[in-house]
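A short worksheet on the structure shown next.
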Amino acid sequence: MLQPDDLAPTPTSLDQILQSQLEEAVGYYFYTGCDRITQTLLAQCQWSIVSLDIPTLTIACPDAKTYWNLVSNIKCISDYLSRVTRPSRIEVIPGDRKNFYFKVEVGASMGND
């Protein structure tokens with residue numbers, strides 16, 4: 001059992017507000033940095049960026065066509081996301097439950113590409 005001094009501090013309401021503002025800002029800069037095609041694809045889905053252990057872009061697709069369009073565009077999406085935050089993760093969730101849940105890790109290195 002860990003001593004109280006060895007435990008992580010309990011997040012305060014201010015921590016939660018700051019976390020929410022950070023996620024909103026990262027989402028804004030990610031979306032505005034995307035080309036029109038990618039923005040159109042994202043607009044058809046429910047998506048968010050959550051920053052827990054690693055910033056994660058989660059995209060829930062409404063149908064199979066949108067899912068496959070997003071998955072085929074994943075390289076561009078990862079490039080846009082890596083401009084805002086690295087390392088990060090992208091998760092694409094199929095709406096029809098017939099396709100595979102897709103997850104990719106994005107650029108862990110911070111060096112010049």
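Basis for what follows: all heavy atoms, side chains included, without hydrogens, waters or symmetry-related copies. Only a predicted model underlies this, so the values are computations on that prediction, with no experimental measurement involved.
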query = Do Cys61 and Pro94 come close enough that some side-chain heavy atom pair is under 4.5 Å?
reply = no

query = Are any non-hydrogen side-chain atoms of Pro87 and Glu105 less than 4.5 angstrom apart?
reply = no

inquiry  = For the CD1 atom on Ile37, are there more than 12 heavy atoms of other groups (residues, nucleotides or ligands in this structure) within a distance under 6.0 Å?
reply    = no

request  = Please name all residues satisfying side chain to side chain contact (heavy atoms under 4.5 Å, CB included) with Tyr31, sequence neighbours left out, ordered by chain then number.
outcome  = Gln39, Leu42, Ala43, Trp47

Close side-chain approach of Cys45 and Leu70, heavy atoms under 4.5 Å = yes

request  = Check each of Leu57, Val26, Leu22 against Thr85 using the side chain to side chain contact (heavy atoms under 4.5 Å, CB included) test, and report the only one that passes.
outcome  = Val26

inquiry  = I'd like to know if the side chain of Asn69 pairs up with that of Thr66 as donor and acceptor (distance under 3.5 Å, no hydrogens or angles considered).
reply    = no

ask   = Between the main-chain N or O of Ile74 and the side-chain N or O of Ser78, is there a donor-acceptor pair closer than 3.5 Å?
value = yes

message = If you define the side chain from C-beta out and look only at heavy atoms, does anything of Ile90 sit under 4.5 Å from Lys103?
response = no

query = Can you list the residues that meet the side-chain hydrogen bond (donor to acceptor under 3.5 Å, both in side chains) rule with Asp15, with sequence neighbours excluded?
reply = Thr12

inquiry  = So, using salt bridge (charged side-chain N to carboxylate O under 4.0 Å, His left out) as the criterion, who are the partners of Asp79 when residues are at least two apart?
reply    = Lys75

ask   = Should Glu91 and Thr56 count as side-chain neighbours, where that means a heavy-atom distance under 4.5 Å?
value = yes

